[in-house]
Amino acid sequence: MDFREIEAKWAKFWEEHPELSSGVDNDTKRKKFYVLVEFPYPSGSGLHIGHAFSFTGADVQARFRRMQGYNVMFPMGWDSFGLPTENYAIKTKRKPQEIAKENEQAFKKQMKKLAYSFDWNREISTADPNYYKWTQWIFIQLFKKGLAYKKEMPINWCPSCKIGLANEEVIDGKCERCRAEVSRRNIAQWIVKITDYADKLIEGLGKTNFIEKVKQAQINWIGKSEGARIKFKIQNSKFKIKELEIFTTRPDTLFGATFMVVAPEHKLVLQILNPSFDSPLDRGESKTAPALLREGVGEGFDLDAVKNYVINAGKKSEMERTELNKEKTGVFSGLYAINPATGKEIPIWISDFVLAAYGTGAIMAVPAHDERDFAFAKKFGLPIVPVVMPDNGHDFEKEAYTDVNVGKIVNSPPINGMTPAEAFKKMIEWLVEYKIGEKTNSYHLRDWIFSRQHYWGEPIPMVWCEKCGWMPIPEEELPVKLPEVEHYEPTDTGESPLSQMTDWVKTKCPVCGGEARRETDTMPNWAGSDWYFVRYLDPRNEKEIAGMEEMKYWMPVDLYIGGDEHNTLHLLYSRFIYKFLYDLGVVPTKEPYFRRMSHGVILGPDGQRMSKSRGNVVVPDEIVEKYGVDVVRMYLMFMGPFEGTMAWNEKTLLGVKRFLEKLERLVYKHIKSNCASNKWAQVIINKKIDGITRNIESFGYNTAIAKMMEMINELQIKNYELRIEDIKKIIKLAAPMVPYLAEELWNKVKDNNDSKSVHQAEWPKAEEKYLVEEEITIAVAVNGKVREQLVVKSEDAENREEVIKKAKGLLGMKKWLEGKEVMKEFYVPGKMINLVLK
RNA sequence: GCCGCCGUGGUGAAAUUGGUAUACACGCAAGACUUAAAAUCUUGUGGUCUCAAAAACCGUGUGGGUUCGAUUCCCGCCGGCGGCACCA
């Protein structure tokens, strides 16, 4: 039968039987298994081959587990908010709501075609007000717990998308999406304090079964370093700021700190430029009062130089700043601080190699033991004092000595002779005793900029009241629905298009009832996808994000399949939100995902990443039309390891097509079979059942398919008669990969006692008795090289002496052993013998 | 620079805990069936040596090491991929 007919027939049947793919809440008789695959952003161009690859891998696992008797949760939904839809809406002058709906429908249709057994009763969309009501609710909880606040700060601004970007969305100083150069702008933004959860996010990884790569990516992203904060007194300061606090990972080198450096954005710099300063940086337009400055300011100070330096640093994009990697720039601030260890005066410099956002935005510079400090000291002629010395000495004129593990402390009277590690501890004690510092940690992770100045996203449910400040919308009034506007273009001022809707913006303060304005920013893309896996469990709950009973049953997600590109951002954000919800007591577990798998990537036939511009895109629809769904599914799984990167190759696909045809012929040949059980056929089939089951469990889909091919080949070559029972087992083994064909064949061979669908049938179990070999072939090696084969009865294989004796007696062994003395004999039971000759 | 991963035939790739390297598939070659083609089936297919075969030797990026035995474990190089990167 033509595959098109088969597909149409069974698609209809499955449509009429949704129970085949539904997860059953609180089914205590079966073990639950929650398979989650990252839900797509439904773009206008439809499902691409990468989607097909990861969804097929997930679907195979879901179908396999169901047949094994698990109660499987396998949901799907839509991450529908996003810029492409907004841009498309602007271009076509249509409503994003409508476009999103259409795309969702198109995706769903394609998914059904590809036989993905999603539980469609649990379908959700992040752009659905009934869904984003709860996204907004989560934001309000963050606000109430003090984890969300609004602050004016420089953001990464993409001039092309006209949107603020999170640090994570800036790649090499360019916009992740459109590759435009990112500049910086000061805009009031909602910030979420993810850094409060930095330690919990690291610790929690211990409870998960993520692969090492993912754990490491998360740990690196959080970037925890242990060190100390130390306060340095500013000498003769006429300013409000009397001391400078720094963060260092090397308090052991404090005696070697010969100068200090602050970031151009540091408040001390603002103070220098504007001694009456008490407001945020008004970049480049600070009114200075030079007269105030002259006292307490050191030799070599040049106010104009400082001013220019700060203005220029502000103009530079992050890209330019980091690109100037080699040549350090800087300017003397005119101020001195006291090194608390040596009591000596050291100059304070200003340089953009110090980042305002990390640590305290200020450092103590130890040029002898830090490469950057060294380069800076060399350029500006600042003193270099070694305080750690390795046994074989070191040329401090040439480079910094940075090894913490080798060397002894010098030039530091109270701690001389200690190792850096001992000195670290000692210095911390000393800092605490004299109240000039303490042990702290610092993180690369920065707080999450949560505002987007765009239309197509969840409105941030906040109201600004002159009297009361920022107030959340009362929870019973949620959702704050996205109003329909005339046009969706972002504004050049950086405000959301919502801001032009005066009727909507004007509102009453929920506390005092006075005049108030709504927040017009919307949430970033990540907001909706942070917690979607919870909503699937109870998608229509109107009282809470999901019922606790359902969550207790299903959580955590047993298996989360997604792309490498989400291993840091999405995974970290969603773990953070989930942990926050756990602390609120609304979700039952500390971690959302038990196991994370990152699926591989499919490259174009030319071995390059698929892209429209390269013209190497393989479209699933076309290929499905040509070969049928089953062939495409199985080929995708056969290409290579599920986590690997591999190129599309249509010729290899033909091998899969041939295999399925062979399988079909084999089934039809035995359709009326009534022969007796053939022992050798049983041996073949049961061994493969055993192997295939283990392979699918461990995502070795490619080897599982190879074993199916071996099975069919062997049965065909030997031409064994097979019983209907055997044929049923073979069909079941193929069912997760090729659901349509398997269903068709199943219905040809099944009888009244069998389940109506092969996908409800019980996964075959290998019978032990057929797995045990009667005879075993043992390799016989001499000095590690295999020379002969020895066949023994398997019950004799345990008898070491006997086996070795037999091996030595093999005819072919004569020439190897003659006149030689056997020094040692190794026997790996049932596998091989190695005779070591003198 | 730092972190992580990887390197096996002409190609995609296999190889439980160290135990017969190259399973399965593609491609290629030869053959069967056919008027012919397609499809199907059979056989062969790492390298050197050989008319051919046998045998032997060499072979998992490279050089060492551990071991009776290493694709697998350890160390040093070379090459590639991914992530991070002036993070004090």
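Small disclaimer: the values here were computed from a predicted structure and weren't measured. Here is the naming used below: chain letters follow the sequence lines, and residue numbers restart at 1 for every chain. Below, each value reflects all heavy atoms present in this structure, side chains not excepted, and no hydrogens, waters or symmetry copies.
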Checklist entry - Is any side-chain nitrogen or oxygen of A/Asn702 closer than 4.0 Å to OP1 or OP2 of B/rA23? => result no
Checklist entry - Going by the angle between their ring planes, with limits at 30° and 60°, are A/Tyr401 and A/Phe396 parallel, tilted or perpendicular? => result perpendicular
Checklist entry - What nucleotide, of B/rU20, B/rU40, B/rA25, holds the atom closest to the side chain of A/Thr777? => result B/rU20
Checklist entry - When all nucleic acid strands are considered with a 4.0 Å heavy-atom cut-off, which category describes A/Arg229: base, sugar-phosphate, or nothing? => result nothing
Checklist entry - Between atom CE in A/Met646 and atom C1' in B/rA13, what is the gap in whole Å? => result 11 Å
Item to check | Whole-Å distance separating the CG atom of A/Leu571 from the P atom of B/rC84 | outcome: 14 Å
Item to check | Minimum-distance nucleotide to A/Asp370 side chain [options: B/rA88, B/rA23, B/rC86] | outcome: B/rA88
Checklist entry - Counting side-chain heavy atoms from C-beta on, which of B/rG19, B/rA14, B/rA88 comes nearest to A/Tyr358? => result B/rA88
Next on the checklist: Whole angstroms only, please: what is the CD1-P distance between A/Ile246 and B/rC86?
Outcome noted: 19 Å
Checklist entry - Which part of the nucleic acid, if any, lies within reach of A/Lys831 when heavy atoms closer than 4.0 Å are counted: base, sugar-phosphate only, or nothing? => result base
Item to check | Whole-angstrom distance between B/rA70 and B/rA21, as gauged at atom C1' | outcome: 11 Å
Next on the checklist: Does B/rC24 have OP1 or OP2 under 4.0 Å away from a side-chain N or O of A/Arg658?
Outcome noted: no
Checklist entry - Rounded to whole angstroms, how far apart are CE on A/Met711 and P on B/rA23? => result 19 Å
Item to check | A/Lys785, nearest nucleotide to its side chain (from B/rU40, B/rC58, B/rC3) | outcome: B/rC58
Item to check | Aromatic plane relationship, A/Phe380 with A/Trp349 - under 30° parallel, 30 to 60° tilted, over 60° perpendicular | outcome: tilted
Next on the checklist: I need the single residue from A/Leu837, A/Val836, A/Ile833 that forms a side-chain contact (heavy atoms from CB on, under 4.5 Å) with A/Val782. Which is it?
Outcome noted: A/Leu837
Checklist entry - Nearest-Å distance, CD1 (A/Ile705) to C1' (B/rG12)? => result 13 Å
Checklist entry - B/rG69, B/rC24, B/rC26: which one has an atom nearest the side-chain heavy atoms of A/Phe638? => result B/rC24
Checklist entry - Looking at A/Phe353, does the NZ or CZ of A/Lys328 lie under 6.0 angstrom from its six-membered ring centre and within 45 degrees of the ring axis? => result yes
Next on the checklist: So if I take every side-chain heavy atom of A/Pro641 and compare against B/rA13, B/rC3, B/rU16, which nucleotide ends up nearest?
Outcome noted: B/rA13
Next on the checklist: Side chains of A/Asn719 and A/Lys669: any donor to acceptor distance under 3.5 Å?
Outcome noted: yes
Next on the checklist: Please tell me if A/Arg787 has a side-chain N or O lying less than 4.0 Å from either OP1 or OP2 of B/rA55.
Outcome noted: no
Checklist entry - In whole angstroms, how far is the P atom of B/rC26 from the CZ atom of A/Phe659? => result 12 Å
Next on the checklist: If the cut-off is 4.0 Å, is A/Thr703 near the phosphate of B/rC24, judged by side-chain N/O to OP1 or OP2?
Outcome noted: no
Checklist outcome for this item: Judged by whether its glycosidic angle lies within 90° of 0, B/rG9 is syn
Next on the checklist: Using a 5.5 Å cut-off between ring centres and planes within 30 degrees, is A/Phe826 stacked on the base of B/rC68?
Outcome noted: yes
